[in-house]
Number of protein chains: 2
Amino acid sequence: MESIELAKNTVVGILKAGCRAEAFVGTTLKSSGISLQQFNVLRILRGRKGVPANLQTVQKRMIHKMSNTTRLIDKLIEKKLVVRKICKDNRRKIEILITDKGLEVLDQLDAKIQETEAAILQPLSLEEQKTLRSLINKITLNR
Amino acid sequence: MESIELAKNTVVGILKAGCRAEAFVGTTLKSSGISLQQFNVLRILRGRKGVPANLQTVQKRMIHKMSNTTRLIDKLIEKKLVVRKICKDNRRKIEILITDKGLEVLDQLDAKIQETEAAILQPLSLEEQKTLRSLINKITLNR
DNA sequence: TTAATACATTTGTTTAAACAAAAGTTGTAA
DNA sequence: TTACAACTTTTGTTTAAACAAATGTATTAA
């Protein structure tokens with residue numbers, strides 16, 4: 001009985017914290033004109049260090065599982081932040097690569113995003129952050 | 001240096017956990033044809049135990065801060081789950097009240113949602129859930 | 001080779017969210 | 001009273017997300 005309330009409050013807390021964090025980061029990104037999802041894709045691509053990613057790979061690592069990543073990539077292409085080409089080995093697949101301009105945009109955002117992340121977590125000590133990360137990873141990973 | 005990575009991973013974890021929880025609950029709600037936001041509003045109204053809420057009150061307590069709650073309420077009215085009337089004391093305000101049908105829908109969902117919440121938190125012990133709730137509340141409340 | 005199936009991405013359409021502005025109501029000061 | 005500002009909700013418009021179906025490519029088995 002008690003545990004049911006606990007679970008409910010915990011899940012509502014997770015939902016609220018997610019929305020809150022989205023709002024924080026979204027506000028920071030707004031001046032750059034890119035959405036949180038777009039930013040996330042750019043960071044995924046930067047992490048590949050020059051190795052192109054196909055759409056599936058990007059989708060798997062995205063924070064928001066959306067049905068329609070094609071049009072998200074389209075937006076990034078319009079802004080010249082990524083390029084897309086057909087994979088030579090398997091023409092069903094595409095290869096997505098971050099451009100120099102994309103890397104620049106990310107580099108300029110890094111400091112701001114770090115500040116935002118610090119602001120979100122400001123009420124927590126480093127030890128508490130570690131605990132939080134660990135607990136969240138338990139419910140997020142490998143499922 | 002280390003703490004920057006910690007903050008980044010923690011925030012990304014919060015975002016992912018939020019999306020994951022949304023997906024879980026959203027799937028559970030799908031068969032009832034109501035969205036997570038709509039469900040949340042219904043629960044807010046049920047919690048008022050017959051006392052009507054105006055739009056502001058609902059907005060403040062909503063998980064997702066959206067720009068336009070009017071149309072969300074419209075959807076619930078279409079489904080006869082809530083009613084809306086103009087507040088007599090202050091005609092700028094409206095009064096929103098959950099209907100009997102709305103209460104029935106919620107009651108039927110309660111068990112399913114409890115199962116879903118348990119599934120989301122399944123990798124955590126009760127003690128861990130308490131810790132998680134506490135840490136999340138620190139970054140969510142009063143700001 | 002051909003047909004059938006699975007795979008990877010794209011496109012069309014409907015639905016909801018984001019943003020900005022408007023409308024109606026109340027309170028206040030001259 | 002009247003004009004003005006503040007408050008609360010609604011509406012119009014643009015933009016993105018959700019869902020379903022289609023397109024094009026590769027693989028497999030007959």
Side-chain angles (χ1 to χ4, degrees), chain A residues 15 18-20 22-41 45 52-79 81-97, chain B residues 15 18-20 22-41 45 52-79 81-97:
Chain A
L15 292 169
C19 286
R20 177 173 196 78
E22 272 197 33
F24 262 80
V25 179
T27 302
T28 302
L29 293 174
K30 204 177 217 173
S31 57
S32 304
I34 61 177
S35 70
L36 177 55
Q37 288 86 330
Q38 291 172 2
F39 175 67
N40 189 237
V41 168
L45 295 175
N54 58 36
L55 206 64
Q56 285 186 319
T57 308
V58 173
Q59 273 179 325
K60 276 181 199 151
R61 304 197 182 167
M62 278 173 65
I63 290 177
H64 305 78
K65 305 298 176 198
M66 358 190 295
S67 46
N68 191 343
T69 315
T70 298
R71 280 187 271 238
L72 181 57
I73 301 289
D74 287 344
K75 295 285 158 55
L76 291 172
I77 291 172
E78 281 174 24
K79 294 170 187 158
L81 303 180
V82 309
V83 292
R84 167 171 50 194
K85 32 188 176 178
I86 295 171
C87 179
K88 287 179 184 171
D89 297 340
N90 187 339
R91 297 203 307 170
R92 285 175 295 188
K93 297 185 180 181
I94 62 171
E95 290 180 334
I96 308 162
L97 207 58
Chain B
L15 292 169
C19 286
R20 177 174 197 75
E22 272 196 34
F24 262 79
V25 179
T27 302
T28 302
L29 292 175
K30 205 177 218 173
S31 58
S32 304
I34 61 177
S35 70
L36 176 56
Q37 287 85 333
Q38 291 172 2
F39 175 67
N40 188 238
V41 169
L45 295 176
N54 58 36
L55 204 66
Q56 285 186 319
T57 307
V58 172
Q59 273 178 324
K60 276 181 199 152
R61 304 197 183 166
M62 278 172 66
I63 292 177
H64 305 79
K65 304 299 177 198
M66 354 190 300
S67 47
N68 95 11
T69 315
T70 299
R71 280 186 272 237
L72 181 57
I73 301 289
D74 287 343
K75 295 286 158 55
L76 291 171
I77 291 172
E78 281 174 24
K79 294 169 188 157
L81 303 179
V82 309
V83 291
R84 168 170 50 195
K85 33 188 174 177
I86 295 172
C87 179
K88 288 178 183 172
D89 297 339
N90 186 339
R91 296 202 307 169
R92 283 175 297 187
K93 297 187 181 181
I94 63 170
E95 289 181 333
I96 307 162
L97 207 56

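Order of the sequence lines fixes the chain letters, A, B, ..., with proteins taken first and strands second; residue numbering starts at 1 for each chain.
Following rounding to the nearest Å, B/Leu55 (CG) and C/dT25 (C1') show an atom-to-atom distance of 15 Å. Atom CG in A/Leu29 sits roughly 15 Å away from atom P in C/dA18 (whole-Å rounding). Straight-line distance from the CD1 atom of B/Ile77 to the P atom of D/dT9: 13 Å, rounded to whole Å. The distance from atom CG of B/Asn54 to atom C1' of C/dT26 is 15 Å, rounded to the nearest whole Å. Between B/Ile94 atom CD1 and C/dG24 atom P there is a gap of 16 Å when expressed in whole angstrom units. Across the protein-nucleic acid pair, A/Gln59 atom CD and D/dA17 atom P stand 13 Å apart, rounded to whole Å. C/dA17 atom C1' lies 14 Å from atom CG of B/Asp74, rounded to whole Å. Per the geometry, NZ belonging to B/Lys75 stands 15 Å off P belonging to C/dT14, to the nearest Å.
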Worksheet item: Would A/Leu72 and A/Gln38 count as a side-chain contact (heavy atoms from CB on, under 4.5 Å) if you check the C-alpha gap in whole Å, the side-chain angles of each, and the deciding distance to 0.1 Å?
Response: CA-CA 7 Å; A/Leu72 181 57; A/Gln38 291 172 2; 3.2 Å; yes
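Although no hydrogens or angles enter the test, the distance criterion places a donor-acceptor pair under 3.5 Å between the side chain of A/Asn40 and the main chain of A/Ile63. A donor-acceptor pair under 3.5 Å is absent between the side-chain atoms of A/Lys60 and the main chain of A/Leu55, judged by distance alone. No donor-acceptor distance shorter than 3.5 angstrom exists from the side chain of B/Lys75 to the backbone of B/Ser35, with no hydrogens or angles considered.
Less than 4.0 Å separates DNA chain D from at least one heavy atom of each of the following residues of residues 81-92 of chain B: B/Arg84, B/Arg92. For DNA chain C, the residues of residues 31-38 of chain B within the heavy-atom distance limit of 4.0 Å (strictly under) are B/Gln37, sorted by number. Within residues 63-73 of chain B, the residues approaching DNA chain C are B/Met66, B/Ser67, B/Asn68, B/Arg71, by heavy-atom distance under 4.0 Å.
Residues A/Leu15 and B/Leu36 form a side-chain contact, since some pair of their non-hydrogen atoms from C-beta on lies under 4.5 Å apart. Side-chain contact between B/Leu81 and B/Ile34 is present, with at least one heavy-atom pair separated by less than 4.5 Å. Residues B/Leu45 and B/Val58 meet the side-chain proximity criterion, which asks for heavy atoms closer than 4.5 Å. With a 4.5 Å cut-off on side-chain heavy atoms, A/His64 and A/Glu22 count as touching. Side-chain contact between A/Thr70 and A/Arg84 is present, with at least one heavy-atom pair separated by less than 4.5 Å.
Note on B/Lys30: a side-chain N or O is less than 4.0 Å away from OP1 or OP2 of D/dC19.
Taking CD1 from A/Ile73 and CD1 from A/Ile94, the interatomic distance works out to 6.5 Å, rounded to the nearest 0.5 Å.
Within 6.0 Å of atom NZ in A/Lys30, 12 or fewer heavy atoms from other residues, nucleotides or ligands are found, so the atom counts as exposed in its surroundings.
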